[in-house]
Amino acid sequence: MASLPRTDTVPARIGTRWAAGRRLFLASAVLLAVVGAIGQGTGWITLTPTLGPTAYVLVVHPESEAARLRNSSLGHLVATACGLACLAVFGLWQHPSVVEQKHDTWAQIGAQALAVGLTLLVLELIEAQHPPAAATALLITAGIARPGPPLYGMLVGLLLLIAGAALIAWITRRTGTGTTQKEAEAEEGKG
């Protein structure tokens, strides 16, 4: 049996992907630039590695469970609590970071593994899936986002990013603008 001819064309699919890609590029670049500018103004490092995967989930998949405001907020809150608790339990509160030491100690490895495991356990129990939160737990237990200005900067960056992404999603829903990942995939699958 011969398959039916597709009614969409490669240029149409590319145009749809280009429109979605432009929106994603602008949303993520503007959000992260604003977060970085605020960090520059406060003297804190607000652009940390945990913001990359968080921005991806919130901007590219805004309808996903992981992108829900509740899940992203609770995810990073739980990860922060687990990371800080593991720092305390393993006696690493004032310990140099893995970057400063150029290696992990056994205590840091234990704290990192336990913090991520606890984060995933608690997020499962409270039904608040947000995979990028695991990076937050690692940054804290590795000493990169140690208690004090590094941690405050990361948390302010997360707060700004989550709030900004929620605002963009709300505006997009209200105005009917933007092409979501689901819409782009549905457009490609027509035919």
Side-chain angles (χ1 to χ4, degrees), residues 20-40 42 44-87 111-142 144-185:
R22 264 193 334 256
R23 183 190 66 80
L24 297 173
F25 167 75
L26 287 172
S28 62
V30 169
L31 271 174
L32 292 174
V34 168
V35 169
I38 291 171
Q40 183 75 8
T42 63
W44 290 345
I45 298 171
T46 53
L47 286 178
T48 61
T50 197
L51 269 70
T54 301
Y56 178 84
V57 168
L58 297 178
V59 174
V60 177
H61 302 288
E63 302 88 13
S64 72
E65 179 182 348
R68 291 181 186 154
L69 182 60
R70 174 189 180 274
N71 291 11
S72 55
S73 300
L74 281 176
H76 289 289
L77 179 68
V78 166
T80 299
C82 291
L84 292 173
C86 288
L87 281 182
Q112 291 167 1
L114 185 60
V116 171
L118 285 172
T119 297
L120 299 181
L121 171 65
V122 172
L123 293 182
E124 181 64 29
L125 292 174
I126 64 173
E127 297 179 0
Q129 305 304 322
H130 186 69
T136 296
L138 278 176
L139 285 169
I140 292 170
T141 51
I144 295 168
R146 73 177 69 219
L151 177 61
Y152 306 151
M154 180 184 73
L155 294 176
V156 166
L158 284 165
L159 175 71
L160 293 168
L161 177 68
I162 292 168
L167 179 63
I168 288 172
W170 180 79
I171 290 169
T172 301
R173 281 192 304 275
R174 295 272 301 177
T175 62
T177 59
T179 303
T180 66
Q181 183 74 16
K182 283 183 181 178
E183 290 168 344
E185 289 170 359

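In this chain, numbering begins with 1 at the start of the sequence shown.
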(Q) Once you measure the plane-to-plane angle for Tyr152 and Trp44, does it fall in the parallel (<30°), tilted (30-60°) or perpendicular (>60°) bin? (A) tilted

Q: Output the distance between atom CZ (Arg173) and atom CD (Glu63), rounded to the nearest 0.5 Å.
A: 8.5 Å

Q.
To check you understand the geometry: which heavy-atom pair defines the closest contact between Leu87 and Pro147, and what is its length?
A. CD1-CD, 3.7 Å

Q.
Working note: Leu155 + Leu159, criterion side chain to side chain contact (heavy atoms under 4.5 Å, CB included); need CA distance, chi angles, decisive distance, verdict.
A. CA-CA 6 Å; Leu155 294 176; Leu159 175 71; over 6 Å; no

**Q.** Over all atoms of both residues, closest heavy-atom pair of Leu123 and Ala133
**A.** CD1-CB, 4.1 Å

Q. Does CD1 in Ile45 sit with more than 12 non-hydrogen atoms of other residues, nucleotides or ligands closer than 6.0 Å?
A. no

Q) What are the two closest non-hydrogen atoms of Met154 and Ala145, and how far apart are they? A) SD-CB, 3.8 Å

**Q.** Spacing of CD belonging to Gln129 relative to CG belonging to Leu120, to within rounding of 0.5 Å
**A.** 8.0 Å

Q: Working to the nearest 0.5 Å, report the span between OG1 of Thr80 and CG of Leu151.
A: 6.0 Å

Q: With side chain to side chain contact (heavy atoms under 4.5 Å, CB included) as the test, would you mind laying out the steps for Thr42 and Val156 before giving the verdict?
A: CA-CA 10 Å; Thr42 63; Val156 166; 6.0 Å; no

Q) Which atom names give the shortest non-hydrogen contact between Glu65 and Asn71, and what distance separates them? A) O-ND2, 2.7 Å

Q. Shortest non-hydrogen contact from Arg70 to Ala128?
A. NH1-CB, 3.5 Å

(Q) Using the rule given for side chain to side chain contact (heavy atoms under 4.5 Å, CB included), can you reason through Ile168 versus Val30, listing the C-alpha separation, both sets of side-chain angles and the distance that settles it, and then say yes or no? (A) CA-CA 11 Å; Ile168 288 172; Val30 169; over 6 Å; no

Q | Exceeds 12 heavy-atom contacts within 6.0 angstrom, atom CD of Gln40 | A | no

**Q.** For the student: nearest non-hydrogen atoms of Val57 and Pro132, plus distance
**A.** CG2-CG, 3.9 Å

Q. Between NE2 of His76 and CG of Leu51, what distance do you get to the nearest 0.5 Å?
A. 7.5 Å

(Q) For the backbone of Leu69 and the side chain of Ser72, can you confirm whether one donor and one acceptor N or O come within less than 3.5 Å of each other? (A) yes

Q: Please say which of Leu139, Ile140, Leu138 ends up in a side-chain contact (heavy atoms from CB on, under 4.5 Å) with Thr136.
A: Ile140

Q) Atom OG in Ser73, atom CG in Leu158: separation rounded to 0.5 Å? A) 9.5 Å

Q | Euclidean distance, Leu160 CG relative to Leu167 CG, rounded to 0.5 Å | A | 12.0 Å

